[in-house]
Amino acid sequence: MTIRNNTIRMATLDDLDEIIRLINGIAVYEKMTQDVSLDRQRLSKTLFEDHEAEVILALIEDKVVGFAFFFNHVSTFLGETVMYLEDLYVDPDFRGQGIGKRLFSEVAKMSAERGQKRMDWICLDWNTQALEFYESLGATILSQWRLVRLEGENLAQVAKDALKD
């Protein structure tokens with residue numbers, strides 16, 4: 001089914017409430033609501049003042065129904081920036097209609113226009129639908145890599161230990 005009157009556009013400060021709604025939506029989908037602790041002002045600063053990350057939105061008519069949240073990071077092996085797709089999400093009622101593919105393709109287009117040679121992202125191992133979608137686009141699933149995270153008190157302790165040296 002093709003959706004009429006759909007738009008993909010860059011998010012603006014006026015979209016902050018919708019971005020937060022979508023972030024909470026992806027947290028529900030990924031069963032990670034307990035991990036959402038974002039600060040509205042910090043997110044606003046990150047996106048719209050410091051431009052550390054970007055968001056594009058998918059709209060049907062004037063209703064925001066999905067987003068892609070992404071930023072540049074540097075690959076040491078390439079010696080240059082590559083695109084990192086942090087999140088891609090479409091509201092449940094609008095899935096299966098090509099919106100996710102349009103969002104993904106738009107991020108890929110922006111990466112290519114910036115002269116980047118690679119785009120990276122992670123996907124939960126249980127999300128077979130997303131993994132199959134990414135593979136259908138030609139993505140390679142790198143099973144030998146594992147996401148590693150240091151946060152909260154452990155991060156603070158390691159930082160404190162570094163100051164002792």
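The first residue in the sequence is number 1, and the count goes up from there.
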A.B. asks: According to the interplanar angle, ranging from 0 to 90°, do the rings of Trp121 and Phe104 count as parallel (below 30°), tilted (30 to 60°) or perpendicular (above 60°)?
C.D. replies: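 Trp121 vs Phe104 ring planes: perpendicular.
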A.B. asks: Using the side-chain contact (heavy atoms from CB on, under 4.5 Å) rule, take Met119 and Val107 through it: C-alpha gap first, then chi angles, then the decisive distance, then the call.
C.D. replies: CA-CA 9 Å; Met119 197 168 124; Val107 175; 3.9 Å; yes
A.B. asks: Could you state the interatomic distance from NZ (Lys45) to CD (Glu52), rounded to the nearest 0.5 Å?
C.D. replies: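 Going from the NZ atom of Lys45 to the CD atom of Glu52 covers 6.5 Å.
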A.B. asks: For a salt bridge (Lys or Arg N to Asp or Glu O under 4.0 Å) check, start with the C-alpha distance between Lys63 and Glu18, then their side-chain angles and the critical distance, and finish with the verdict.
C.D. replies: CA-CA 10 Å; Lys63 178 180 175 50; Glu18 285 295 319; over 6 Å; no
A.B. asks: To check you understand the geometry: which heavy-atom pair defines the closest contact between Ile19 and Phe48, and what is its length?
C.D. replies: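 Minimum heavy-atom contact is CD1-CZ, 4.0 Å.
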A.B. asks: Report yes if the side chains of Val82 and His73 come closer than 4.5 Å at any heavy-atom pair, otherwise no.
C.D. replies: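 Yes - at least one pair of side-chain heavy atoms lies under 4.5 Å apart.
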A.B. asks: Are Ile141 and Tyr84 connected in a single hydrophobic cluster, I mean Ile/Leu/Val/Met/Phe/Trp/Tyr linked by side-chain heavy atoms less than 4.5 Å apart?
C.D. replies: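 Cluster IDs for Tyr84 and Ile141 differ.
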A.B. asks: Considering all heavy atoms of both residues, which atom of Asp91 and which atom of Val64 are nearest to each other, and what is their separation?
C.D. replies: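 Heavy atoms of Asp91 and Val64 come nearest at OD2-O, 3.6 Å.
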A.B. asks: Hey, are the side chains of Glu61 and Thr7 touching, using non-hydrogen atoms and a 4.5 Å cut-off?
C.D. replies: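 SC-SC contact between Glu61 and Thr7 ruled out.
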A.B. asks: Indicate if Met32 and Leu85 have the same hydrophobic cluster label, given that clusters are the connected sets of ILVMFWY residues with side-chain heavy-atom separations under 4.5 angstrom.
C.D. replies: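 No, separate clusters.
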A.B. asks: Using side-chain heavy atoms (C-beta onward) and a distance below 4.5 Å, is Asp15 in contact with Arg21?
C.D. replies: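 When only atoms from C-beta onward are counted, Arg21 and Asp15 do not touch, as no gap falls below 4.5 Å.
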A.B. asks: Using the rule that Ile, Leu, Val, Met, Phe, Trp and Tyr join whenever any side-chain heavy atoms are under 4.5 Å apart, tell me whether Leu137 and Leu131 fall into a single cluster.
C.D. replies: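 In one cluster with Leu137: Leu131, no.
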A.B. asks: For the pair Asp125 and Arg146, evaluate salt bridge (Lys or Arg N to Asp or Glu O under 4.0 Å) and give the outcome as yes or no after the intermediate values.
C.D. replies: CA-CA 11 Å; Asp125 63 356; Arg146 297 286 186 260; over 6 Å; no
A.B. asks: Is it the case that more than 12 heavy atoms not belonging to Glu49 sit under 6.0 Å from its CD atom?
C.D. replies: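 Count over threshold, so yes.
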A.B. asks: Kindly give the heavy-atom pair with the smallest separation between Tyr134 and Cys123, and that separation in Å.
C.D. replies: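 Of all heavy-atom pairs spanning Tyr134 and Cys123, the closest is CE1-SG, 4.1 Å.
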A.B. asks: Please walk me through it: do Phe94 and Ile60 pass side-chain contact (heavy atoms from CB on, under 4.5 Å)?
C.D. replies: CA-CA 9 Å; Phe94 295 92; Ile60 305 293; 4.1 Å; yes
A.B. asks: Taking side chain as C-beta onward, heavy atoms only, is Asp87 less than 4.5 Å from Phe67?
C.D. replies: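 Of all side-chain heavy-atom pairs linking Phe67 with Asp87, at least one is under 4.5 Å.
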A.B. asks: If you measure from CD on Glu86 to CD1 on Ile26, what distance do you get to the nearest 0.5 Å?
C.D. replies: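 These two atoms lie 8.5 Å from each other.
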A.B. asks: For the atom pair NZ (Lys117) and OG (Ser75), what is the distance rounded to the nearest 0.5 Å?
C.D. replies: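 It is 10.0 Å, given to the nearest 0.5 Å.
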A.B. asks: Students often mix this up, so state it plainly: with edges at 30° and 60°, are the rings of Trp126 and Tyr29 parallel, tilted or perpendicular?
C.D. replies: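 Because their plane-to-plane angle lies in the 30° to 60° range, the rings of Trp126 and Tyr29 count as tilted.
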A.B. asks: Are Asp39 and Leu43 close enough, and set up right, to give a side-chain contact (heavy atoms from CB on, under 4.5 Å), and what steps lead you there?
C.D. replies: CA-CA 6 Å; Asp39 175 89; Leu43 180 62; over 6 Å; no
A.B. asks: Leu38 and Leu16: same hydrophobic cluster, using ILVMFWY side-chain contacts below 4.5 Å?
C.D. replies: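 Yes: a chain of side-chain contacts under 4.5 Å links Leu38 to Leu16.
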A.B. asks: Counting only heavy atoms not in Arg149 (residues, nucleotides, ligands), do more than 12 fall under 6.0 Å from its CZ?
C.D. replies: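 12 or below, so no.
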A.B. asks: Which atoms form the tightest heavy-atom contact between Glu80 and Gly115, and what is the distance?
C.D. replies: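 In terms of heavy atoms, the two residues are closest at OE2-O, 4.1 Å.
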A.B. asks: Is Gln157 atom CD crowded by more than 12 heavy atoms from other residues, nucleotides or ligands, each under 6.0 Å away?
C.D. replies: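 Yes, the 6.0 Å shell around CD holds more than 12 heavy atoms from other groups.
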A.B. asks: First locate atom CD of Glu151, then atom OG of Ser37, and finally report the distance between them rounded to the nearest 0.5 Å.
C.D. replies: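 Spacing of CD (Glu151) from OG (Ser37) equals 8.5 Å.
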A.B. asks: Report yes or no: do Phe69 and Ile20 belong to one cluster of Ile/Leu/Val/Met/Phe/Trp/Tyr joined by side chain heavy-atom distances under 4.5 Å?
C.D. replies: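 Looking at the clustering, Ile20 is in the same group as Phe69.
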A.B. asks: Before you tell me yes or no, could you show the steps for Glu30 and Asn127 under side-chain hydrogen bond (donor to acceptor under 3.5 Å, both in side chains), namely the whole-Å CA-CA distance, both residues' side-chain angles and the distance that decides it to 0.1 Å?
C.D. replies: CA-CA 9 Å; Glu30 293 180 344; Asn127 194 347; 5.5 Å; no
A.B. asks: Could you give me the CA-CA distance, side-chain angles and deciding distance for Met110 and Met10, then say whether side-chain contact (heavy atoms from CB on, under 4.5 Å) is met?
C.D. replies: CA-CA 11 Å; Met110 292 171 77; Met10 294 299 298; 3.8 Å; yes
A.B. asks: Give a yes or no on whether the backbone of Leu57 and the side-chain of Arg9 come within a donor-acceptor separation of less than 3.5 Å.
C.D. replies: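 Judged by distance alone, no pair lies under 3.5 Å.
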A.B. asks: For Ala53 and Leu47, which heavy atoms make the closest approach, and how far apart are they?
C.D. replies: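 Where Ala53 meets Leu47 most closely, the heavy atoms are O-CD2, 3.5 Å.
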A.B. asks: Just checking, any donor-acceptor pair under 3.5 angstrom between side chains of Gln116 and Asn72?
C.D. replies: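 Judged by distance alone, the side chains do pair up.
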A.B. asks: Can you see which heavy atom on Ser44 is nearest to which on Leu13, and at what distance?
C.D. replies: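 Closest heavy-atom pair between Ser44 and Leu13: OG-CD1, 3.2 Å.
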A.B. asks: So, taking the atom named CD1 in Ile23 and the one named OG1 in Thr33, what distance separates them when rounded to the nearest 0.5 Å?
C.D. replies: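 Ile23 atom CD1 to Thr33 atom OG1 measures 14.0 Å (nearest 0.5 Å).
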A.B. asks: What distance separates Ile8 CD1 from Arg102 CZ, expressed to the nearest 0.5 Å?
C.D. replies: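 Taking CD1 in Ile8 and CZ in Arg102, the distance rounds to 4.5 Å.
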A.B. asks: Considering residues, nucleotides and ligands other than Glu113, do more than 12 of their heavy atoms fall under 6.0 Å from its CD?
C.D. replies: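 Counting neighbours around CD of Glu113, more than 12 heavy atoms of other residues, nucleotides or ligands fall under 6.0 Å, so yes.
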